[in-house]
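Just so you know, these numbers use all the heavy atoms, side chains as well, and skip hydrogens, waters and symmetry mates.
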Amino acid sequence: MVKVASRHASELSAILEDLNLSPLQRNSHLNALKMNCFILAQLIGSFEAETYKASLGNIEPSGKGKRAKSRTEGFSWEVERESVLQAITHLLQLEIRRLWSMSVVEEEFVSLVTSCCYKMMENPSIVLAKNKNTREALGHLLGVTVKRYNHMLSASVKVIQLLQHFEHLASVLVPAVSLWAVEYGMKPVVGEIMREIGQKCSLDLSREASGVKSFATFLTELAERIPSIMMPSISVLLDYLDGENYAMRNAVLTVMGEMVVRVLSGEQLEEAERGTRDQFLDTLQEHIHDVNTYVRSCVLQIYNRIVQEKALPLNRFQSVVTLVVGRLFDKSVNVCKNAIQLLASFLANNPFTCKLSSADLREPLEKETKKLRELKEKLQGPKPVVVISPEEEWEAMLPELQEAYMILQEEDEEDCGTEGEIEFSQQLQEQILLLLQKTSYKKAIRLAQKGISQFQQDSLFSEVNSEDAESLLGVLEKIFTDREAGPEIPNSNKPDDPSVNPSPENDLPSQEVQKSEMDKQEMLVQYLTDAHHFSLKIEEAIDVVSKMMYETAVSVVQEVIEFFVTVSQFGVSQAVLGVRRMLPLVWSKEPGVRDAVLSAYRRLYLSSNGESERVKAQGLVRSFSLLMVDSSAGILQCLEEIVSEFMQKGDIHPSVVQLLWEKFTQKSPCSPLERKAAVLLLGMMSRGQPEIVISNLDTLVTVGLGDQVHEDYQLAREVCNCILKITDNQKPSLGKSSEPFRLPKDHNLFVRLTEAITGGISQSGLHWLPFKETAIRLVYELAEEPEEICSEMLVRCSQKVLDGHQCQEEDPTLPAFLLTHLLSLAGDVALQQVVHLERAVSNELRRRRVMKEENEAEKVGKRGKSKASESTMEEELGLVGASADDIEAELIRKICDTELLDGQQYLSAFLPLVLRVCNNPGRYNDPDLCTVAALALAKFMMISSDFCDAHLRLLFTMLEKSPLPRVRSNIMIALGDLSIRFPNLIEPWTPHLYARLRDQSCEVRKNSGLVMTHLILKDMVKVKGQVSEMAVLLIDPDQDIAALARNFFNELSNKGNAVYNLLPDIISRLSDPDCGVEEEAFHTIMRQLLSYITKDKQTESLVEKMCHRFRTARTERQWRDLAHCLSLLPFSEKGLRKMQDCFDCYGDKLSDDAVYNSFLNTVGKMRRGAKPELKIMIDEFEQKLQKCHNKGLENMDVPEEANTETDLQHQTQKGKRQPLSSVNNVKKGKPENDFQTPKPPATRKSRRKVAVTFSSDEESDLEAELSEAETPKNTTPIRRTSTRSRAK
């Protein structure tokens, strides 16, 4: 049939050229044409139906054989489809209309041809890449019918129908419609299709989600191809911007964006086009605040494309950037991510400058603004003076003259005090004028009266009566007005004087030059103003974006990292803050985040710019040094991880290491801070390549710990830290037979360290203490016999202190800093000795034992033994190894308990001094000494369990009573370590650890929160009811402490049902009127804690417990708290049933408005999205609540409360928890010079106290004064009975 159609087409071309064709022949050819097209259409329909069935899998198993057979016969519809369409297209391109009468082709014939085309499109396989030629052929065939056979209206309607019912056709119809409009010139078809889409009802679209998606995709993709053709018809789509369907809003906004980018960009736009562009941009700006999240994201993406294509007018930069910065606070993650992307695009494509620093732009802006102001003043010239005519001035003073005249008439005596005799009338007139100008109206009137009587011959005074007010004022008016106008005539220059009135023609060129300069200056000032405002907005965005660095969404974090890379490249001053805040993300568990951080730092600091290696090395060192300025130890550790990663992968060139050594040895001139930074960087790099430090160890010791070490202990400390990096890479793993890396005790390193420590103990500087701590650690990590080196240090330092004491014969008082240094040194040695025994000695014993066992196994031999005997031997060896480990651990423990603090050991010599300082804070009141003594005591307690047990009471007394926050903070941190080393000893004192969470000092609360967080999450402290103290930190005024508490409960919520199990205790304690919190604070805390309750079973259980809790609630405040907690729970149908079952527990409390409103809020939450059956239950429950609220329980049978008012009145105040303010205060009448444990209080009679608690509540003893009777004695956890069980 294809061949027939092709042959027919070739014959028709010649026949149609014959103008003398008879009607009979024309009908004959027309019928042949119709038959051929009909058969082709039927065949196309049949083959398409079979192909569609085959694609759905509705064929017989033998179909594969049939297809194979058909291929062998040489026919495949998918191959022949294109040739058939081309044949029909060729046929329709002929002038076949001549075969019809009146040259009008029948609509049925056109529909016959086009229907098979639309049938092909309905097959989903048409979108496959292999059918690309078929799609093009369909487009051309339909294009011919649209252009030549009046098929435009039918095609537009059919396109709408196809889009509405077939979702896959959007990507197929877009190239077809653009082909019709461009190649076939049928642009009106685009308008018709858009008009049909615009006339669709929003209600109909809301019912057909697939149709909406197809329309939106069609419009979006069509705008990418032919935006200029779509623009005249855009008005028909504007109604969708106010509709409910967000997909159509996105489509229309995307079309506008494409038109702005492709059609309405550039400076050559006409006025109408500029207006259209501004309207489109205004619409886009309005929808940045759209109610739908997807629309806001789409608008930001559109603006991103506009900015990247540089199609956004400069005058809109400020407004759009301001809106985008506002979107950084959006609740949607996608909106925030797109806002960050858009800000990065603004930076990368900004038209201002490559260095956007507001501080750098402010100075030139002020300078150029001042210059512009001067130009304007010069161009405008002097300001015109406002001239008041004499007549206007006379009208203003006339009322005052009349009043003065009336006063003179009433006066009896006339003031004749005139200034001598006046001979001439002109002189009199001048004096009158002067008096009028000075507002001396009375004197002026009298002079005028005198002139009337004296100068009658003068025409001014001749016919005037001095008693007539009007005539007298007329004389004054004539004198004033004539004399005011007179002086102007002699002072005025002649109009012909060119020096005074220059010719306008001569001044015109200079004015034009000045105007041109002012216009240029205005443009410059406007440019600098826009650049300065833009930089300020970017800096404002940096502060917001940096807070999003630790979002849970990985995509947002990656965008934040990319943003700061872009900001840093443009030299924004605040960028270094974001780059530094990015560092902790290197520890992220998400591989994408860690890789993004490493990639960001590689691009920022290791990218090649075509510079020499030396210049790049200097830039890298300078950048890393800037990051380390004022950085915490945690930030430095993060930077170390990144630098070591770069070193391991060879990203850092050796020239950088060479430059750092030059700075350290001062071969390259640098400041002390730069030298310190060089040592820090060398230590970081040595983690990746330990050879950097090992091969230059002598240089480090000679230069860093030389004769000038006493001048800079900070540098010496960093040198010690740098050398310590060797030990980080030499840590022996379990079972390794290689000996640990150790240096002999007479090595130059330890000699220098000994000299530095002993030489600096007599100096009062602040940097000796941290240097000494690092040096002692270095000795124990690298020396072969560290205890001998440290004992020598202690002996020499003690001797120096004693020598200094003996030299002061007149004043035997020892300087506090000497004692501080000595005790700090002793404490550090004691702690490092324990660490040395627990780690190094224990590992060495294990290594030797393993080597011995391996040697014995080799002697026995394994060749003749069976597999069973081998496994038996391995099991025996494992048991022997475990037993040996226990023996070694017992040996180490015995040494610590019995030998280290024995009277024969050097450490024991310092114990009396440490205890004396700690026991007498009134005598030894130096803050540094008290702090160091407390730390030294805690470090000595780490050695022996017996010593720790004996002095725990002293340590806790200092924790409770010390007025120094530093002492309390340090003791709290030390107790965290003691809890891990001796948990059974610390466990009875746990309430006193929780008590520090309400300390008055922010520093103590923060450190206590950190310690308790680690202990609780590591299961080192039993989580008791006192965990409510951690909950109180959620409302701490210090934001860091509140964030710490939130992080604690977030981590605790991941440990099974931990938060759920603690909630009853927390609610009970926080709502207690004696030791709880304020009502508003309680609401804030419970809103956070109850957000972790997500399981239905947990909710049901809590509902039941809280409802029963109403029965034992003592105060209305507790009623309100319980009702508020119920309103915060996520209720289900079972939860509602539980609440209904327990209605008797709280029904009588509904008379309280707050309780009733909380229950109404609970009902309102349950009603949202509830099923009809559940809504009926909710309505009944609400009616029951309303009835009880209005009438009480008059007609309802409610059991009497178990607790009577008499029980409440007889409660004793002795069992109440004392406020924490009293914890740190000394009781009246007791001396404050030492920390003696107070005597036990008088015995108290046990009285029954009705306490409202849960069954899991435990007693809380938070007394600050630790008497002998109150000191915990048991070393194992004690399970205490609850208040309720005692009451029974």
Side-chain angles (χ1 to χ4, degrees), residues 5 8-9 12-13 15-17 19 21 23 26-42 44-45 84-122 135-166 169 172-200 218 222 225-226 229-230 232-233 236:
H8 189 202
L12 272 179
S13 61
I15 292 171
L16 293 174
E17 292 177 358
L19 300 177
L21 192 65
R26 188 173 63 247
N27 288 334
S28 175
H29 290 296
L30 178 60
N31 290 333
L33 174 65
K34 290 181 178 181
M35 287 187 290
N36 286 336
C37 291
F38 178 78
I39 294 174
L40 281 175
Q42 293 299 317
I44 290 173
V84 173
L85 294 174
Q86 289 176 351
I88 298 176
T89 304
H90 180 58
L91 192 64
L92 294 179
Q93 285 176 341
L94 301 175
E95 292 293 331
I96 59 174
R97 69 180 64 188
R98 294 180 182 177
L99 298 178
W100 276 270
S101 60
M102 305 297 293
S103 297
V104 178
V105 181
E106 296 174 355
E107 187 176 349
E108 291 80 1
F109 177 79
V110 178
S111 298
L112 175 69
V113 176
T114 56
S115 61
C116 64
C117 297
Y118 298 134
K119 190 71 174 178
M120 286 185 186
M121 288 184 177
E122 294 175 6
R135 294 196 298 270
E136 293 178 354
L138 284 171
H140 284 287
L141 176 54
L142 291 173
V144 172
T145 59
V146 168
K147 183 176 182 179
R148 300 171 64 92
Y149 299 100
N150 199 22
H151 186 61
M152 185 182 70
L153 295 177
S154 300
S156 61
V157 174
K158 192 63 179 178
V159 165
I160 298 299
Q161 293 175 354
L162 291 173
L163 288 173
Q164 198 163 356
H165 296 92
F166 299 96
L169 281 183
V172 177
L173 291 172
V174 165
V177 173
S178 60
L179 181 71
W180 304 343
V182 177
E183 293 193 14
Y184 290 92
M186 298 303 295
K187 296 180 181 179
V189 72
V190 177
E192 287 295 330
I193 295 174
M194 293 177 65
R195 191 173 296 106
E196 291 290 337
I197 295 176
Q199 291 175 354
K200 285 288 181 181
F218 175 80
L222 191 65
R225 289 176 175 264
I226 50 173
I229 299 176
M230 293 180 66
S233 304
V236 301

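Side chain of S115 to backbone of L112: a donor-acceptor contact under 3.5 angstrom is found. For W180 (side chain) and V190 (main-chain N/O), no donor-acceptor pair under 3.5 Å exists by modelled atom type. In this structure a side-chain-to-backbone donor-acceptor pair under 3.5 Å is present from S178 to P175.
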Handout entry: Pair I229-V182, side-chain contact (heavy atoms from CB on, under 4.5 Å): steps then yes or no
Key = CA-CA 9 Å; I229 299 176; V182 177; 4.3 Å; yes
Practice task
Let me see the working for R135 and M121 under side-chain contact (heavy atoms from CB on, under 4.5 Å), right down to the final yes or no.
Solution key: CA-CA 8 Å; R135 294 196 298 270; M121 288 184 177; over 6 Å; no
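Here CD of E196 is found 11.5 Å from CG of L163. Values are rounded to the nearest 0.5 Å. One finds the OG atom of S154 at 10.0 Å from the CD atom of Q161 (value rounded to the nearest 0.5 Å). Taken to the nearest 0.5 Å, the NZ atom of K187 stands 9.5 Å off from the CD1 atom of I226. Taken to the nearest 0.5 Å, the OG1 atom of T114 stands 11.5 Å off from the CG atom of L138. Separation of atoms CE (M152) and OG1 (T145) is listed at 12.0 Å; rounding is to 0.5 Å. Note that the NZ atom of K158 and the CD1 atom of I160 stand 12.0 Å from one another [nearest 0.5 Å].
R195 and E192 make their closest contact through NH1-OE2, 3.0 Å (heavy atoms, listed as atom of the first residue, atom of the second, distance). Taking each heavy atom of A176 and G139 in turn, the nearest pair found is CB-CA, 4.3 Å. The heavy-atom pair separating K147 from Y184 by the smallest distance is CD-O, 3.4 Å. Closest heavy-atom contact between Y149 and V144: CD1-O, 3.8 Å. Across all their heavy atoms, A155 and V146 have their closest contact at CB-CG2, 3.9 Å. Closest heavy-atom contact between S233 and G191: OG-CA, 3.4 Å.
No side-chain heavy atom of Q199 sits under 4.5 Å from any side-chain heavy atom of V236. In this structure, Y118 and L142 have side chains that are in contact, with non-hydrogen atoms separated by less than 4.5 Å. When side chains are defined from C-beta on, V172 does not count as touching F166, because their heavy atoms never get closer than 4.5 Å.
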